[in-house]
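Worksheet: one structure, shown below.
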Amino acid sequence: MRPRKQHVLLLWLLLHSSVAAALEPISTTIAVGMAAALTGILARYQNIFYYFRECCRPEWISFNITRLKTDLDNKLFGQHIASRIVLKAVNGFMSNPNPKKPLVLSLHGWTGTGKNFVSQLIAESVFAEGMHSRFVHVFTSTLHFPHVEHIAAYKSQLQEWVRGNVTNCERSMFIFDEMDKMHPGLIDSIKPYLDYYDKLDGVSYRKSIFIFLSNAGGDGIIQTTLEFWKAGKNREEIELKDLETTLSLSVFNNNKSGFFRTSLIDKNLVDFFVPFLPLEYQHVVQCAMAEMEARNLKPNPDVADKVARDLVYFPKSERVFSVKGCKTIESKLDFYTDVHI
């Protein structure tokens with residue numbers, strides 16, 4: 001209950017009770033003063049309550065650019081393009097008090113290259129509760145939208161979920177995983193929420209974040225990376241311009257992708273297509289070392305080397321890029337740390 005309403009209610013009780021009728025004017029003044037004091041106490045307790053239960057307030061939602069930069073620099077390996085785009089995009093968006101549209105990022109690349117991990121880092125830099133925040137919502141295509149015959153119902157449900165959550169908190173974050181497995185046409189149901197509208201039915205979506213994760217376009221990213229490697233160029237020389245146009249076109253024209261002929265791409269509502277490059281042996285070693293540190297184990301280069309060498313690489317003759325990136329590092333590390341111990 002708002003403080004003003006609390007104050008009015010207390011006065012009403014005092015003035016309409018049998019006790020109030022018998023009060024002297026000075027007593028009534030004291031009672032009114034007590035009501036005001038009580039209202040202040042309730043307001044202070046309400047503010048304290050905000051610190052113990054997550055709510056849509058700055059105490060719980062406040063962008064920490066230092067944390068995001070540090071995490072991207074120290075925890076994300078082999079992704080110089082993605083790291084730079086994500087930092088600039090999120091910082092620019094969160095620093096703008098009046099954005100014209102929601103932030104829409106589409107992360108692309110083979111499995112294990114860091115797409116889900118980057119989504120987690122973004123959430124942790126914005127929300128005090130990170131991925132556990134009640135304002136961070138994850139949709140997985142094969143789990144939430146499994147049956148093509150129910151696509152009409154899914155569209156309606158998705159609209160309601162997004163609308164309801166943004167109504168509850170304008171600083172909401174939505175993550176759509178497995179976009180390459182989503183039924184074509186489904187994601188277009190939320191196109192209006194990603195567009196340049198001030199409000200739709202009284203709800204503003206302009207301060208929300210939408211992140212799409214997909215393996216689609218990964219083959220093109222790998223092909224470009226291979227070409228640079230075969231030409232003897234450093235992977236850090238690869239720039240977004242070398243990948244972005246091809247990436248967006250391949251995703252748009254992939255009839256097995258949730259982005260197939262989508263108006264989100266056609267109307268340029270995706271702010272950045274973020275490519276994740278295939279990881280090399282050195283990056284897998286870094287992943288293993290970081291995982292050991294996260295488990296409060298002393299980083300052991302020998303163990304990290306064994307983990308990295310145990311993975312499958314391509315091309316087969318040169319063994320340059322990890323087929324699964326760092327995806328199986330945790331389970332491999334369990335095996336090798338047990339042996340090591």
Side-chain angles (χ1 to χ4, degrees), residues 54 56 60-94 102-144 162 165 169 171-182 207-215 218 270-279 283-284 286-296 322 324-334:
E54 186 188 22
C56 190
W60 295 93
I61 305 175
S62 181
F63 179 55
N64 187 335
I65 184 175
T66 302
R67 174 168 185 171
L68 181 57
K69 185 178 187 308
T70 301
D71 284 347
L72 289 171
D73 288 343
N74 299 329
K75 297 179 180 180
L76 182 67
F77 308 114
Q79 303 299 352
H80 66 284
I81 300 176
S83 181
R84 183 172 62 250
I85 295 174
V86 168
L87 182 63
K88 289 185 176 182
V90 177
N91 180 51
F93 177 75
M94 293 300 296
L103 176 63
V104 183
L105 301 176
S106 191
L107 315 186
H108 297 265
W110 269 21
T111 184
T113 52
K115 301 185 299 295
N116 280 283
F117 184 56
V118 165
S119 300
Q120 175 187 324
L121 295 184
I122 295 173
E124 290 174 350
S125 72
V126 176
F127 302 91
E129 295 291 296
M131 291 296 292
H132 298 292
S133 171
R134 51 198 288 253
F135 307 119
V136 175
H137 313 281
V138 180
F139 299 96
T140 302
S141 296
T142 53
L143 175 63
H144 295 100
V162 173
N165 284 303
C169 183
R171 283 292 189 192
S172 292
M173 179 171 164
F174 301 91
I175 302 172
F176 293 84
D177 198 5
E178 298 183 341
M179 279 299 298
D180 49 304
K181 298 177 183 177
M182 179 178 283
K207 292 187 177 181
S208 296
I209 298 176
F210 292 80
I211 301 178
F212 302 105
L213 313 180
S214 178
N215 291 348
V270 177
D271 297 300
F272 293 98
F273 288 92
V274 186
F276 283 70
L277 308 180
L279 299 182
H283 306 124
V284 177
Q286 289 176 303
C287 288
M289 295 286 280
E291 179 62 23
M292 281 186 270
E293 187 173 351
R295 297 185 186 188
N296 294 319
S322 171
K324 295 184 179 180
C326 287
K327 192 175 184 67
T328 59
I329 288 298
E330 289 188 22
S331 58
K332 296 287 185 182
L333 193 59
D334 288 336

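Remember, it's a predicted structure, so these values are computed and weren't measured experimentally.
Judged as a side chain to side chain contact (heavy atoms under 4.5 Å, CB included), and not counting sequence neighbours, the contacts of Glu293 are Pro299. The side chain to side chain contact (heavy atoms under 4.5 Å, CB included) check on Ser125 picks up Phe63, Leu68, with sequence neighbours excluded. Annotation: ring-ring contact (aromatic ring centres under 6.0 Å, His included) contacts of Phe139 (sequence neighbours excluded): His144, Trp161, Phe176. Applying the side chain to side chain donor-acceptor pair (under 3.5 Å) criterion to Ser141, with sequence neighbours excluded, gives no partner residue. Remark: His108 engages Phe273 in a ring-ring contact (aromatic ring centres under 6.0 Å, His included) (not counting sequence neighbours). Considering only residues two or more places apart in sequence or on other chains, Asn215 meets the side chain to side chain donor-acceptor pair (under 3.5 Å) condition with Lys115. Under the rule for a side chain to side chain contact (heavy atoms under 4.5 Å, CB included), the partners of Thr66 that lie at least two apart in sequence or sit in another chain are Asn64, Thr70. By the side chain to side chain donor-acceptor pair (under 3.5 Å) test, Lys181 is found to be paired with no residue, residues two or more places apart in sequence or in another chain being considered. For Lys327, the salt bridge (Lys or Arg N to Asp or Glu O under 4.0 Å) criterion is met by no residue, not counting sequence neighbours. For Asp73, the side chain to side chain donor-acceptor pair (under 3.5 Å) test picks out Lys69, with sequence neighbours left out.
Here the shortest heavy-atom pairing between Cys326 and Leu279 reads SG-CD1, 3.6 Å. Here the closest non-hydrogen pair linking Phe93 and Ser208 is CZ-O, 3.3 Å. The nearest pair of heavy atoms linking Ile61 to Cys169 is CD1-SG, 3.6 Å. Among all heavy-atom pairs drawn from Lys324 and Thr328, the shortest one is CD-CG2, 4.0 Å. Smallest separation of non-hydrogen atoms from Arg295 and Glu330: NH2-O, 3.1 Å. Annotation for Pro278 and Thr113: closest pair CA-CG2, 4.2 Å, computed over non-hydrogen atoms.
In this structure, Met182 CE and Thr140 OG1 are separated by 9.5 Å, a value rounded to the nearest 0.5 Å. In this structure, the separation between CG on Leu107 and OG on Ser119 is 5.0 Å, given to the nearest 0.5 Å. Summarising the geometry, atom CD1 belonging to Ile122 is positioned 8.0 Å from atom CD1 belonging to Ile175; distances are rounded to the nearest 0.5 Å. In this structure, CD1 on Ile209 lies 7.5 Å from CG on Leu105, to the nearest 0.5 angstrom. Here the CG atom belonging to Asp334 is positioned 8.0 Å from the CD atom belonging to Glu291, to the nearest 0.5 angstrom. If you take CG on Asp177 and CG on Leu213, they are separated by 5.0 Å, rounding to the nearest 0.5 Å.
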- Message: Pair Leu333, Met292 - check side chain to side chain contact (heavy atoms under 4.5 Å, CB included), show working.
- Response: CA-CA 8 Å; Leu333 193 59; Met292 281 186 270; 3.7 Å; yes
- Message: Assess the residue pair Cys287 and Phe77 against the criterion (side chain to side chain contact (heavy atoms under 4.5 Å, CB included)); give the C-alpha distance rounded to whole Å, side-chain angles, the decisive distance to 0.1 Å, and a yes or no.
- Response: CA-CA 7 Å; Cys287 288; Phe77 308 114; 3.7 Å; yes
- Derivation and outcome, side chain to side chain contact (heavy atoms under 4.5 Å, CB included), residues Ile211 and Met173: CA-CA 8 Å; Ile211 301 178; Met173 179 171 164; 3.3 Å; yes
- Message: Using the rule given for side chain to side chain contact (heavy atoms under 4.5 Å, CB included), can you reason through Ser214 versus Glu178, listing the C-alpha separation, both sets of side-chain angles and the distance that settles it, and then say yes or no?
- Response: CA-CA 5 Å; Ser214 178; Glu178 298 183 341; over 6 Å; no
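Between the Gln120 side chain and the Met131 main chain, no donor and acceptor come within less than 3.5 Å of each other. Here the side chain of Arg171 pairs no donor or acceptor atom with the backbone of Cys56 at under 3.5 angstrom.
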With a 3.5 Å cut-off and sequence neighbours excluded, list the donor-acceptor pairs that the side chains of residues 80-92 form with protein atoms.
{"unit_1": "His80", "atom_1": "NE2", "unit_2": "Arg235", "atom_2": "O", "d": "3.4"}
{"unit_1": "His80", "atom_1": "NE2", "unit_2": "Glu236", "atom_2": "O", "d": "3.4"}
{"unit_1": "His80", "atom_1": "NE2", "unit_2": "Ile238", "atom_2": "O", "d": "2.9"}
{"unit_1": "Asn91", "atom_1": "OD1", "unit_2": "Ser95", "atom_2": "OG", "d": "3.3"}

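Screening residues 111-138 for ring-ring contact (aromatic ring centres under 6.0 Å, His included) gives His137-Phe174 as the qualifying pairs, with residues at least two apart or on separate chains.
For Glu124 and Arg67, the salt-bridge test passes: some basic side-chain N is under 4.0 Å from an acidic carboxylate O.
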